[in-house]
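Read through the structure below, which is laid out as structure tokens, and then see the notes.
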Amino acid sequence: MIQTSTNLKHIKNFISEDQLLVYKNKIKETFTTIYEKRGAGNDFLGWTTLPSEMTKEFIKDIKDQAELLRKKSQVFVVVGIGGSYLGARAVIEAISHQFGSLLNRADDTQIVYAGHNMSEEYMVELLELLDQKDYSMAVISKSGTTTEPAVAFRILKNHLENKYGKEEARTRIVAITDKAKGALKTLANEEGYKTYIVPDNVGGRYSVLTPVGLLPIAVAGIDIEELVNGALAMETYCKENQNCDNVVAQYAMARQALYHDGKTNEILVSYEPRLHYIAEWWKQLYGESEGKEGKGIFPASDTFTTDLHSMGQYIQEGLRNLFETIISVEKPTKEIRIPLADNDLDQLNYIAGKRLSEVNRTAETATILAHVDGGVPNIIIQIPEISASTIGELIYFFEMGCALSGYMLEVNPFDQPGVEAYKKNMFALLGKKGFEERAEDLRKRIE
């Protein structure tokens with residue numbers, strides 16, 4: 001039984017039943033394309049069965065390793081970029097205490113990130129923190145040569161070995177990489193690092209339910225078994241409901257119908273700040289999977305009500321090429337009520353005694369109605385609460401939704417050829433061997 005639902009009532013004024021029928025007729029065929037591995041990129045469909053293939057022994061090994069790292073680490077550094085860190089960060093920030101880093105609980109290990117940028121100031125300030133804290137790290141890279149994490153790992157490995165000595169340092173490094181080849185795999189073998197495998201049939205942005213995401217999530221103290229069980233519930237549901245009534249299919253069909261009606265930008269919205277990085281992970285998942293061949297919905301995100309004070313005007317009255325998808329959380333896990341004031345100077349006594357969540361939900365309802373009236377269709381994805389189980393469901397929901405959408409768009413949802421262009425330019429300008437001709441051409445253009 002899944003806990004996630006999809007509500008399309010707020011697109012009915014924009015999309016007719018006939019427009020939606022086009023995609024309803026395609027959905028069963030699209031599920032078949034995925035499950036029978038008939039489509040482009042079908043060798044990267046391993047994520048579809050990750051939850052059901054997860055063994056108790058594998059989960060125990062991850063949890064045991066995480067506990068070893070927690071015992072010796074006040075800070076755990078996740079070195080990776082894109083899918084190699086976003087999925088883990090999304091889950092950790094969704095479920096962890098939002099001010100945990102300031103509470104200084106003795107048994108808490110704080111998770112920080114490196115290799116997702118090349119800011120010198122960021123790295124220097126990270127090292128200033130690590131000078132004062134016991135730490136360990138996971139380096140996540142299929143090849144070991146992706147520039148951002150490779151540079152960060154080189155610096156952090158050097159710092160770790162200087163701080164603890166080489167023998168102790170190798171017990172504080174976990175490599176998550178290819179099973180057989182690549183620079184990081186070679187180094188891990190030479191140094192004797194604990195190693196986990198990035199499956200060959202799972203792309204980076206779909207890898208949160210592999211060791212790529214599960215180890216950092218477990219080090220953060222989150223129950224990965226509950227997370228996987230949530231994803232398993234959604235996996236089972238999708239296999240058993242390969243039709244247009246499926247809640248994932250409804251999302252995929254609606255966004256494709258809206259896209260072909262001229263709604264080319266999708267804003268993923270939540271009213272809970274802890275879901276901010278779920279949206280960041282979603283943006284990579286959908287942007288990298290669909291944005292190719294001159295096609296695709298542009299993925300953006302907002303956190304309301306905060307961003308209503310910066311983006312609300314544009315959404316309400318700007319260019320009408322967008323739609324919103326709301327992650328709606330039915331009930332919070334904590335409670336606080338608005339107090340009564342004697343003087344009522346702020347004129348808020350009319351909501352005194354109400355839970356803050358009730359006011360937040362009312363703002364959500366009011367905003368949806370205002371935006372729909374302003375010409376912005378809204379899709380609502382509802383979960384009962386934010387927990388490891390519901391986040392596991394949501395991860396699988398968005399992954400399957402992305403595959404369905406990509407195939408209905410007639411692109412390969414599992415490659416990303418466009419991201420290589422900037423890398424080649426960067427290699428050339430930095431003087432990497434083999435890029436001399438390209439470097440000369442680029443310098444002429446710069447001049």
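All values reported here derive from a predicted model rather than from experimental measurement.
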Exercise for the section: Determine which pairs satisfy salt bridge (charged side-chain N to carboxylate O under 4.0 Å, His left out) with at least one residue from residues 77-104, sequence neighbours left out, and list them in order. Expected result: Arg89-Glu93
Handout entry: is_close_aromatic(Trp281, Tyr277), centroid dist under 6.0 Å
Key = no
Handout entry: Ala188 versus Thr195, closest heavy-atom pair with distance
Key = CB-OG1, 3.7 Å
Practice task
If the plane angle is over 60° it's perpendicular, under 30° parallel, otherwise tilted; pick one for His116 and Tyr113.
Solution key: perpendicular
Practice task
Drop me the distance from Asn25's CG to Met253's CE, to the nearest 0.5 angstrom.
Solution key: 10.0 Å
Handout entry: Any donor-acceptor N/O pair, Ser405 side chain to Cys402 backbone, under 3.5 Å
Key = no
Fill in the blank from the handout: Of all heavy-atom pairs linking Ala249 and Cys244, the shortest is CB-CA, 4.4 Å
Fill in the blank from the handout: Paired with Tyr206, the side-chain contact (heavy atoms from CB on, under 4.5 Å) test is passed by just one of Val208, Val202, Leu209, namely Val202
Exercise for the section: With rounding to the nearest 0.5 Å, note down the distance linking CD1 in Ile278 to CD in Glu272. Expected result: 12.5 Å
Exercise for the section: Evaluate the side-chain proximity of Asp134 to Tyr164: yes if any heavy-atom separation is below 4.5 Å, no if none is. Expected result: yes
Handout entry: Option among Leu156, Ile155, Val151 that satisfies the side-chain contact (heavy atoms from CB on, under 4.5 Å) test with Val79
Key = Leu156
Exercise for the section: Determine, for Glu168 against Lys72, whether the closest basic-nitrogen to carboxylate-oxygen distance falls under 4.0 angstrom. Expected result: yes
Exercise for the section: Compute whether any side-chain donor of one residue and acceptor of the other, for Lys142 and Thr177, lie under 3.5 angstrom apart. Expected result: no
Exercise for the section: Check whether any side-chain heavy atom of Asn201 sits under 4.5 Å from a side-chain heavy atom of Trp47, and report yes or no. Expected result: no
Practice task
Report yes or no: do Ser389 and Ser387 form a side-chain donor-acceptor pair below 3.5 Å?
Solution key: no
Handout entry: Taking every non-hydrogen atom, the tightest pair across Ala388 and Glu226
Key = CB-CD, 3.7 Å
Handout entry: Donor on one side chain, acceptor on other, Ser328 and Glu364, under 3.5 Å
Key = yes
Fill in the blank from the handout: CG of Asp302 to CG of Leu308, rounded to nearest 0.5 Å, is 8.0 Å
Handout entry: From Ile327 atom CD1 to Ile386 atom CD1, the distance as rounded to the nearest 0.5 Å
Key = 9.0 Å
Validation: residues 36-45 side-chain donor-acceptor distances under 3.5 Å, sequence neighbours left out:
unit_1	atom_1	unit_2	atom_2	d
Glu36	OE1	Arg38	NE	2.8
Glu36	OE1	Arg38	NH2	2.4
Asn42	ND2	Lys37	O	3.4
Asn42	ND2	Gly39	O	2.7

Practice task
Test side chain to side chain contact (heavy atoms under 4.5 Å, CB included) on Ile27 and Tyr23 and set out the steps.
Solution key: CA-CA 6 Å; Ile27 204 68; Tyr23 302 97; over 6 Å; no
Problem - Trace of the side chain to side chain donor-acceptor pair (under 3.5 Å) decision for Tyr407 with Asn412 - result: CA-CA 7 Å; Tyr407 279 139; Asn412 179 351; 5.4 Å; no
Practice task
Determine, using ring centers only, whether Tyr135 and His159 are less than 6.0 Å apart.
Solution key: yes
Exercise for the section: For the pair Arg438 and Asp441, find out whether any cationic side-chain nitrogen is under 4.0 Å from an anionic carboxylate oxygen. Expected result: no
Problem - Note, Leu50 side chain near Val228 side chain (heavy atom, < 4.5 Å) - result: no
Exercise for the section: Assess whether atom CZ of Arg320 is packed by more than 12 heavy atoms of other residues, nucleotides or ligands within 6.0 Å. Expected result: yes
Exercise for the section: May I ask you to check whether Thr390 and Gln3 show a side-chain donor-acceptor distance below 3.5 Å? Expected result: no
Practice task
Check whether any side-chain N or O of Asp415 sits under 3.5 Å from a backbone N or O of Pro417 as a donor-acceptor pair, and report yes or no.
Solution key: no
Problem - Side-chain heavy-atom pair Gln110, Lys133 within 4.5 angstrom cut-off - result: no
Handout entry: Nearest-0.5 Å distance that lies between atom CD in Glu324 and atom OG in Ser301
Key = 11.5 Å
Problem - Heavy atoms from other residues, nucleotides or ligands near CD of Glu29 exceed 12 (cutoff 6.0 Å) - result: no
Practice task
Answer with yes or no whether the side chains of Gln250 and Asp245 bring together a donor and an acceptor at under 3.5 Å.
Solution key: no
Problem - Charged N-O contact under 4.0 Å between Glu161 and Arg170 - result: no
Problem - Side chain proximity check, Ser270 to Val329, heavy atoms < 4.5 angstrom - result: no
Fill in the blank from the handout: Taking every heavy atom of Glu393 against every heavy atom of Ala233, the minimum-distance pair comes out as OE2-CB, 4.4 Å
Practice task
Please determine, by modelled atom types, if Glu235 and Ser52 share a side-chain donor-acceptor pair under 3.5 angstrom.
Solution key: yes
Practice task
Can you establish whether the number of heavy atoms outside Tyr314 located under 6.0 Å from its atom OH is more than 12?
Solution key: yes
Exercise for the section: Would you sort out whether Thr325 and Arg255 count as a side chain to side chain contact (heavy atoms under 4.5 Å, CB included), showing the intermediate values? Expected result: CA-CA 9 Å; Thr325 296; Arg255 63 193 306 276; 6.0 Å; no
Problem - Pairwise side-chain contact, Ile111 with Val78, heavy-atom cut-off 4.5 Å (strictly under) - result: yes
Practice task
Would you sort out whether Val376 and Ile267 count as a side chain to side chain contact (heavy atoms under 4.5 Å, CB included), showing the intermediate values?
Solution key: CA-CA 10 Å; Val376 180; Ile267 306 173; over 6 Å; no
Problem - Side chain to side chain, Arg361 and Glu330, heavy atoms closer than 4.5 Å - result: yes
Practice task
Please check if atom NZ in Lys239 has more than 12 non-hydrogen atoms from other residues, nucleotides or ligands closer than 6.0 Å.
Solution key: yes
Exercise for the section: Answer yes or no: are there more than 12 heavy-atom neighbours, outside Lys28 itself, under 6.0 Å from its atom NZ? Expected result: no
Practice task
Go through the steps for Leu160 and Arg172 under the test side chain to side chain contact (heavy atoms under 4.5 Å, CB included), then give the verdict.
Solution key: CA-CA 8 Å; Leu160 196 70; Arg172 293 172 177 267; 4.0 Å; yes
Handout entry: Aromatic centroids of Phe323 and His10 separated by under 6.0 Å
Key = no
Problem - Spacing of CD1 belonging to Ile380 relative to CG belonging to Asn7, to within rounding of 0.5 Å - result: 4.5 Å
Practice task
Would you please indicate yes or no on a ring centroid separation below 6.0 angstrom for Tyr251 and Phe397?
Solution key: yes
Exercise for the section: Identify the residue among Arg205, Glu399, Gln284 that makes a side chain to side chain donor-acceptor pair (under 3.5 Å) with Ser289. Expected result: Arg205
Exercise for the section: Please say whether more than 12 non-hydrogen atoms of neighbouring residues, nucleotides or ligands are located less than 6.0 Å from NZ in Lys331. Expected result: yes
Exercise for the section: Would you indicate whether the side-chain heavy atoms of Ser310 and Asp307 approach each other to under 4.5 Å? Expected result: yes
Extract all donor-acceptor atom pairs below 3.5 Å that involve side chains of residues 54-65 and protein atoms in other chains or at least two apart in sequence.
unit_1	atom_1	unit_2	atom_2	d
Thr55	OG1	Phe58	N	3.0
Lys60	NZ	Asp64	OD2	2.7
Asp61	OD2	Tyr196	OH	2.9

